[in-house]
Asker: 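This structure is in structure tokens; I'll ask about it shortly.
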Amino acid sequence: MTARFPTLALTQGNPAGIGPEIIAKLLARSESLSEWRPLVIAERPALEALAAEVFDPIRNRLEYLTSPPSEEDLDALPSDRIAVLDPVQIARIVQPGHSGSADAAGAVAAIDVAVDLAQSGVVDAVVTAPISKKSIAQHHLADFRGHTDYLAAKVGLTEYGRDYLMAFLAPDLQVALLTTHLPIKTALNEIDGKKIVLALELLHRVAGGRIAVAGINPHAGEEGLLGREDQQIVKPAVCEARESGIDAHGPESADSLFARARRGEFDWVLALYHDQGLIAVKTTSFGKATNWTLGLPFLRTSVDHGTAFDLAGRNAADAGPLEAVVATTIRLLSGELPGKNFDRTT
């Protein structure tokens with residue numbers, strides 16, 4: 001990229017949620033744009049539906065584009081202008097707090113445009129505002145289960161754990177997930193040694209550091225007293241990973257593992273199912289963690305919260321979490337890869 005600052009594509013998320021609001025509030029803070037350049041991928045009606053006190057501070061700075069820009073197009077804009085690309089370009093009414101089929105389609109369209117721009121090198125990273133998985137599955141794509149799997153499929157990645165992983169960077173805790181948005185019974189059935197080894201290999205390749213694998217059972221099975229799965233599934237996988245040069249440890253008792261990681265004993269935790277990892281992340285760092293999709297051919301990050309339909313349109317949403325994600329994204333782009341207690345010095 002030849003631009004002075006990295007260009008980040010900010011996708012609207014669900015246009016009826018708080019995504020457009022937190023983007024607008026972030027952009028209104030002039031100091032937040034001192035190290036990066038935004039390309040907002042959002043529907044014009046969603047921005048214009050914002051409360052006046054949210055939209056007015058940026059209204060006269062917006063430069064609406066009629067087609068996906070080139071890098072040269074963005075470079076030609078005055079530094080005080082904010083490029084906005086409407087991914088749908090349909091005149092309609094957006095009702096904050098009420099997601100319908102058009103909102104689901106708009107959310108997906110914004111993601112698609114951002115992926116195209118990232119793969120063509122026009123933007124350096126994609127930062128996504130929150131979507132509603134339920135709304136998209138109900139109105140647009142029946143098998144939709146979230147940004148992570150959708151983005152991976154868009155770029156041709158097929159095997160979760162080997163090709164891509166969901167990870168979270170918090171101020172003093174870094175967690176990757178072996179399984180993601182699955183019912184707990186399904187998630188437990190999905191845990192096997194091969195998947196653990198593949199996930200450890202990907203995490204080691206992308207981030208490195210000391211990686212602890214959480215146990216399945218209480219106290220990691222207590223040497224078989226509380227279940228044999230940790231001894232039969234997790235431990236052999238960790239041993240195999242170690243033999244290949246990965247600094248892997250476990251199975252570790254999940255009830256104390258995250259505290260140990262926060263103290264610096266480990267750089268990463270590989271949690272085996274969604275809530276095992278994210279209860280710890282969101283209890284200690286809600287609003288401060290960055291969702292990072294490992295394995296994509298471009299950098300994609302996101303906030304750690306949802307659409308908050310109950311807050312949409314009320315000027316009640318906090319842009320602080322999005323600002324924290326942007327700061328982390330810039331650090332990642334600068335080559336400051338996590339793996340050695342990435343966020344401890346900030």
Side-chain angles (χ1 to χ4, degrees), residues 125 148 160-180 191 193 195-216 220 230 234-296 299-304 324-325 327-346:
T148 301
Y160 182 86
R162 178 179 69 85
D163 293 335
Y164 64 101
L165 279 174
M166 180 185 289
F168 287 81
L169 305 176
D172 58 3
L173 183 62
Q174 290 149 201
V175 177
L177 304 180
L178 183 72
T179 62
T180 54
I191 298 169
K195 290 180 180 178
I196 293 172
V197 171
L198 293 174
L200 287 170
E201 289 175 348
L202 175 58
L203 190 54
H204 172 74
R205 185 168 67 250
V206 175
R210 299 157 294 172
I211 308 168
V213 181
I216 300 172
D230 291 287
V234 183
K235 186 174 181 179
V238 171
C239 290
E240 181 179 340
R242 289 185 65 84
E243 289 172 359
S244 67
I246 298 172
D247 192 0
H249 304 261
E252 304 291 341
S253 180
D255 64 356
S256 60
L257 173 57
F258 298 96
R260 294 166 63 194
R262 293 183 71 201
R263 290 197 299 264
E265 189 173 341
F266 303 107
D267 300 301
W268 282 91
V269 172
L270 178 63
L272 301 184
Y273 55 92
H274 183 277
D275 282 11
Q276 184 184 56
L278 291 194
I279 287 174
V281 170
K282 294 189 178 185
T283 297
T284 62
S285 307
F286 186 69
K288 300 177 182 178
T290 294
N291 181 346
W292 177 27
T293 305
L294 305 183
L296 295 176
L299 178 60
R300 177 263 170 168
T301 57
S302 187
V303 291
D304 64 353
V325 168
T328 298
T329 303
I330 293 170
R331 294 179 67 189
L332 290 170
L333 285 172
S334 72
E336 192 176 346
L337 290 175
K340 295 297 181 184
N341 300 316
F342 171 70
D343 264 337
R344 287 185 187 276
T345 61
T346 63

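When reading the values below, keep in mind they use all heavy atoms of this one structure, side chains included, and skip hydrogens, waters and symmetry mates.
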Asker: Is a donor on one side and an acceptor on the other found under 3.5 Å between the side chain of R210 and the backbone of G264?
Answerer: yes
Asker: To the nearest 0.5 Å, what is the distance between OG1 (T284) and CD1 (I279)?
Answerer: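 Output value for this atom pair is 11.5 Å.
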Asker: Please name the pair of heavy atoms, one in A199 and one in L270, separated by the smallest distance, quoted to 0.1 Å.
Answerer: CB-CD2, 4.1 Å
Asker: When rounded to the nearest 0.5 angstrom, what distance separates CG in L165 from CD in E201?
Answerer: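 So the CG of L165 and the CD of E201 are separated by 11.0 Å.
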Asker: Restricting to non-hydrogen atoms, name the atom on A212 and the atom on L257 that form the minimum distance, rounded to 0.1 Å.
Answerer: CB-CD1, 3.5 Å
Asker: Would you name the heavy atoms of A170 and S285 that are closest together and state the gap between them?
Answerer: CB-OG, 3.5 Å
Asker: Can you name the closest pair of heavy atoms from G209 and D267 and give their distance?
Answerer: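 Taking G209 first and D267 second, the nearest heavy atoms are CA-OD2, 3.4 Å.
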Asker: Run the salt-bridge test on R262 and D172 with the 4.0 Å N-O cut-off and return the result as yes or no.
Answerer: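 Judged by the 4.0 Å cut-off on N to carboxylate O distance, R262 and D172 do form a salt bridge.
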Asker: Write down the atom of Q276, the atom of F258, and the distance for their closest heavy-atom approach.
Answerer: O-CZ, 3.2 Å
Asker: Quick one: which of V269, L173, L278, T290 gives a side-chain contact (heavy atoms from CB on, under 4.5 Å) with F168?
Answerer: L278
Asker: Is there side-chain contact between T301 and T328, with at least one heavy-atom pair below 4.5 Å?
Answerer: no
Asker: Is a side-chain N or O of D304 found less than 3.5 angstrom from the main chain of G287, in a donor-acceptor match?
Answerer: yes
Asker: Between L294 and M166, is there a side-chain heavy-atom distance shorter than 4.5 Å?
Answerer: no
Asker: Looking at every non-hydrogen atom in both residues, tell me the closest pair between R300 and L296 and how far apart they are.
Answerer: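 In terms of heavy atoms, the two residues are closest at CB-CD1, 3.7 Å.
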Asker: Please tell me if the side chains of L169 and L332 come closer than 4.5 Å, counting only heavy atoms from C-beta onward.
Answerer: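 Yes, at least one pair of side-chain atoms sits under 4.5 Å.
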Asker: Looking at K195, is its backbone amide N or carbonyl O close enough to the side chain of Y160 to form a donor-acceptor pair, meaning the two atoms are under 3.5 Å apart?
Answerer: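 Not a single qualifying donor-acceptor pair exists.
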Asker: Quick one: does L202's side chain get under 4.5 Å of L198's, heavy atoms only?
Answerer: no
Asker: Mark yes or no for whether T283, through its side chain, and A280, through its backbone, hold a donor-acceptor pair below 3.5 Å.
Answerer: no
Asker: In the structure I gave you, are the side-chain heavy atoms of V234 and L272 within less than 4.5 Å of one another anywhere?
Answerer: yes
Asker: I need the D247 CG to F266 CZ distance, nearest 0.5 Å.
Answerer: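 Answer for the CG-CZ pair, D247 versus F266, is 9.0 Å.
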Asker: Measuring from atom CD1 of I211 to atom CG of L203, what distance do you get when rounded to the nearest 0.5 angstrom?
Answerer: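 Output value for this atom pair is 4.0 Å.
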